[in-house]
Q: 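Shown below is the structure under consideration.
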2 protein chains.
Amino acid sequence: MAVTIKDVANLAGVSPATVSRVINNSSLVKEETAEKVNEAIDKLNYQINESARVLRTNCSSLIGVIGAGMDNPFLMKLLKGVEASAKAHGFNLIFGDSEGELEQELKYLNILNQRRVDGLIIITASIYNNLLDEIKSKGIPAVFASGYVNDNEIPCISVNNTRAAEDVIDYLYDLGHRKFGIIRGTYSDLVTSGERIKGVKSSFQKHQIDFNSVPIYEGDFSFESGSVAAKKILSDNPETTAIFCFDDKMAIGAIRGAEELGYNIPEDLSIVGFDDIELSSYVKPALTTIHQSGYDMGYQAMEFLNKIIDGEDPGKLKEFLPHELKIRESSGTPPT
Amino acid sequence: MAVTIKDVANLAGVSPATVSRVINNSSLVKEETAEKVNEAIDKLNYQINESARVLRTNCSSLIGVIGAGMDNPFLMKLLKGVEASAKAHGFNLIFGDSEGELEQELKYLNILNQRRVDGLIIITASIYNNLLDEIKSKGIPAVFASGYVNDNEIPCISVNNTRAAEDVIDYLYDLGHRKFGIIRGTYSDLVTSGERIKGVKSSFQKHQIDFNSVPIYEGDFSFESGSVAAKKILSDNPETTAIFCFDDKMAIGAIRGAEELGYNIPEDLSIVGFDDIELSSYVKPALTTIHQSGYDMGYQAMEFLNKIIDGEDPGKLKEFLPHELKIRESSGTPPT
DNA sequence: TTGTAGGCGTTATCAA
DNA sequence: TTGATAACGCCTACAA
């Protein structure tokens, strides 16, 4: 059907082996021969059959990406970073969105394994031990991005979520806030949200605020959930002067929700987000938030993975990228 | 190395052919045998080698997606729609972002062809004839999503961009606006922006507005470009009362840009976007915009592609999904 | 520097 | 209902 290495060989008057050598830039082929072969390739419009190559070499140049809820601007940037690095190293991306469900993740893991991906990038909020075990048992090189993985075999690259959250509460405390509300990610998100909760706790401890007295509500990283949660916090705890949301979209939702209840931001209430998605500078009031670079994170995760695949020493297993508190208009001193 | 069909066959005491039949749910295998085989599969933790299967069957269950600038909320939703339908039909997605550059697109096309993808979904704003020719010459089933393709062999699914743009201008005209500004996509985007420009023209004609007198500026679908373009339009043409942006992000940027110049929206200036991304309801003022469903578009594009791959009659080649003008807070009657 | 031949793991054909 | 066998297209010893 399609034109194969044999057809090229016939036309060029050489053996298939020689054609294969030309394709793979083997140095031990006469320049003259190579030219003949390349002409034949052009003339026949030959396209290599990757499946055959993968079958033979056992190396697919394919990176599997498993993500949870990729219609999230931060994760999308991360994916772009992964892609940029992958492209530079000659990898293609094969991709599945698990929506954070373990079952889906395991299913994709199987599929990607069957396609013999050379490596795995995992971008999920909740990291299940089940998933870790499966990955390890299959022996596929994997790097987690954005979430810290509490396992000393599996590398991950993220921001120091604990420290970042601590920075937020410290900042708000220094402004004079004493009554806080928290809108975290889903409870299944033990990783990212879990780390951030730790940071919140640690700052509270430092400032002798009772963690258990602080209302913590769950959101699902959507505008709507932020709005709903903020309204609940404010009606249940009218004395609240600052809300920390674990994601910019929820924070923007929270601003709208609070405004619907008649609050002015930041005069009556400070709201802080997390991620610094592009939008956050363009909403009104502009959002105070923790900046982290999804693109860099994705890029570096893929660079790291590439080193593992190449058998190089990738350096330390857990890497923190810098974060930065961006103070904008949605936060200020508490009302007196 | 890895466990193969042969190992399973040995353990189960049958031939490789039988194992293959069990894997593929062939009906002509005794239930008893199938059970034995399945046990062996479980025991050995056998995972099929897809490359071998693809090589043999010439069918990869892989859909190639070429997108331009996927860190765009609308396109991201579209991709999710594609994925949902692909999953339902047993396809996996392999994915490349061309950033709208023809060279990249052709390169990805080659790569995807070499991986023997069963079909192609193309989500690009600019559609180059070169690309169309290559796709046709390779004979890979392809569906374009979001952009109308002016070619009577290649199917596409989109919104009626011309009609939608006309709706916007009609609406603004009816409100009393006479001095317009337009922020279009890049000039290389002949498709989507081109179609919308046609609609604008057609409404202008209907209302006897001179198209050539209307300032049209180019943006790149970013917040920033919308802000910059709006400021230029307003300082060059202070009499402008309404700006139509070909994308919500640019529209939101335009709102901020105009505000920086001291305009109140919508009292002094109406701004209308296109897409209705989730965010548009949450900005302030909430954005008047054309709603189109990226998810549906992606889903239906993939459904369409699946039919072509299956050899079914997919129905008409060009499909328009419904659009709707969502009137929110960013538009109103012009200042008197 | 080039060619020959065998095998990667499946599936499809044919025969039993 | 099952098994033997060949073939898919490529790469890689090994031999020439």
Side-chain angles (χ1 to χ4, degrees), chain A residues 1-41 44-62 90 110-118 138, chain B residues 1-41 44-62 90 110-111 113-118:
Chain A
M1 209 202 80
V3 23
T4 77
I5 218 173
K6 265 192 193 166
D7 305 317
V8 176
N10 284 338
L11 181 61
V14 297
S15 78
T18 303
V19 177
S20 174
R21 291 192 185 99
V22 172
I23 294 171
N24 295 289
N25 300 311
S26 165
S27 53
L28 19 89
V29 53
K30 233 198 320 194
E31 200 164 321
E32 205 181 299
T33 325
E35 245 167 63
K36 265 194 313 187
V37 170
N38 279 320
E39 269 175 40
I41 287 179
L44 296 177
N45 214 329
Y46 166 73
Q47 296 268 88
I48 197 173
N49 184 324
E50 275 294 332
S51 306
R53 197 216 281 263
V54 173
L55 176 59
R56 187 52 232 251
T57 61
N58 217 14
C59 141
S60 65
S61 300
L62 226 40
N110 254 322
I111 292 175
L112 297 175
N113 186 224
Q114 291 171 352
R115 296 206 186 264
R116 300 296 186 265
V117 293
D118 291 337
K138 294 202 197 308
Chain B
M1 209 203 82
V3 22
T4 77
I5 216 172
K6 266 189 191 166
D7 305 317
V8 176
N10 284 338
L11 181 60
V14 298
S15 77
T18 302
V19 177
S20 174
R21 290 190 187 100
V22 173
I23 294 172
N24 295 287
N25 300 312
S26 164
S27 53
L28 19 90
V29 52
K30 234 197 322 191
E31 200 164 320
E32 204 181 298
T33 324
E35 245 166 63
K36 266 195 308 186
V37 171
N38 279 320
E39 268 174 40
I41 287 180
L44 295 176
N45 214 329
Y46 165 73
Q47 296 268 89
I48 197 171
N49 183 323
E50 274 294 331
S51 306
R53 195 216 282 262
V54 173
L55 176 60
R56 185 56 232 242
T57 62
N58 216 15
C59 140
S60 65
S61 301
L62 224 41
N110 254 320
I111 292 175
N113 187 224
Q114 292 171 350
R115 296 208 186 261
R116 301 296 187 265
V117 294
D118 291 337

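Just so you know, these numbers come straight off a predicted model, no measurement behind them. The basis for the numbers below is simple: all heavy atoms, side chains too, and nothing from hydrogens, waters or symmetry mates.
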Q: Within this structure, what is the CD1-to-C1' distance between A/Ile23 and D/dT12, rounded to whole angstrom?
A: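 To the nearest whole Å, that distance equals 14 Å.
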Q: Give a yes or no answer on whether the side chain of A/Asn10 reaches the backbone of A/Asp7 with a donor-acceptor pair at less than 3.5 Å.
A: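 Here the side-chain-to-backbone pair does not exist.
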Q: Quick check: closest heavy atoms across B/Tyr46 and B/Val3, and the distance to 0.1 Å?
A: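 Smallest interatomic distance, heavy atoms only, reads CD1-O, 3.4 Å.
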Q: Do B/Arg53 and C/dT10 share a donor-acceptor pair, side chain to base, under 3.5 Å?
A: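 Such a pair does not exist between side chain and base.
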Q: Shortest non-hydrogen contact from B/Val22 to B/Ala34?
A: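 So the minimum-distance heavy-atom pair works out to CG2-CA, 4.0 Å.
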Q: Does the side chain of B/Ser15 get closer than 4.0 angstrom to OP1 or OP2 of D/dG3 through an N or O atom?
A: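 True: B/Ser15 side-chain N/O within range (under 4.0 Å) of D/dG3 OP1/OP2.
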Q: Which part of the nucleic acid, if any, lies within reach of B/Val14 when heavy atoms closer than 4.0 Å are counted: base, sugar-phosphate only, or nothing?
A: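 Sugar-phosphate contact only.
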Q: Determine whether a donor-acceptor pair (one donor, one acceptor, N or O, separation below 3.5 Å) exists between the side chain of B/Arg56 and the base of D/dG9.
A: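 No, the side chain and the base share no sub-3.5 Å donor-acceptor pair.
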Q: To the nearest angstrom, how far is B/Leu55 atom CG from C/dT10 atom P?
A: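 That distance rounds to 12 Å.
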Q: With nearest nucleotides of DNA chain D determined for B/Ala17 and B/Thr57 from heavy-atom distances, which residue corresponds to the more 5′ nucleotide?
A: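 Of the two residues, B/Ala17 wins.
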Q: Measure CD1/B/Ile5 against P/D/dA4 and give the value in whole Å, please.
A: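 B/Ile5 atom CD1 is separated from D/dA4 atom P by 14 Å.
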Q: Let me know the distance between CG of A/Asp7 and C1' of D/dC10, rounded to the nearest Å.
A: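 Rounded to whole Å, this separation is 13 Å.
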Q: Below the 4.0 Å mark, does D/dC8 have OP1 or OP2 next to a side-chain nitrogen or oxygen of A/Asn49?
A: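 For D/dC8, neither OP1 nor OP2 has a side-chain N or O of A/Asn49 closer than 4.0 Å.
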Q: Rounding to a whole Å, what distance do you find between A/Asn10:CG and C/dG3:P?
A: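 To the nearest whole Å, that distance equals 11 Å.
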Q: When you check the gap from the basic side-chain N to the acidic O, do B/Arg53 and B/Glu50 get nearer than 4.0 Å?
A: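 Yes.
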Q: Report the distance from atom CD1 of A/Ile48 to atom P of D/dG9, rounded to the nearest whole Å.
A: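 In whole Å, D/dG9 P and A/Ile48 CD1 are 12 Å from each other.
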Q: If you measure from CD1 on B/Ile111 to CD on B/Gln114, what distance do you get to the nearest 0.5 Å?
A: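 If I round to the nearest 0.5 Å, the distance is 7.0 Å.
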Q: Could you check how far CZ of A/Arg116 sits from P of C/dT10, rounded to whole Å?
A: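 Taking atom P of C/dT10 as the reference, CZ of A/Arg116 is at 7 Å.
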Q: Does A/Ser20 make a side-chain N or O approach to OP1 or OP2 of D/dC10 shorter than 4.0 Å?
A: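 Answer no for this pair, as no side-chain N or O of A/Ser20 is under 4.0 Å from OP1 or OP2.
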Q: Take atom CZ of B/Arg21 and atom C1' of C/dT13, then tell me their distance rounded to the nearest Å.
A: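 Roughly 10 Å, once rounded to whole Å.
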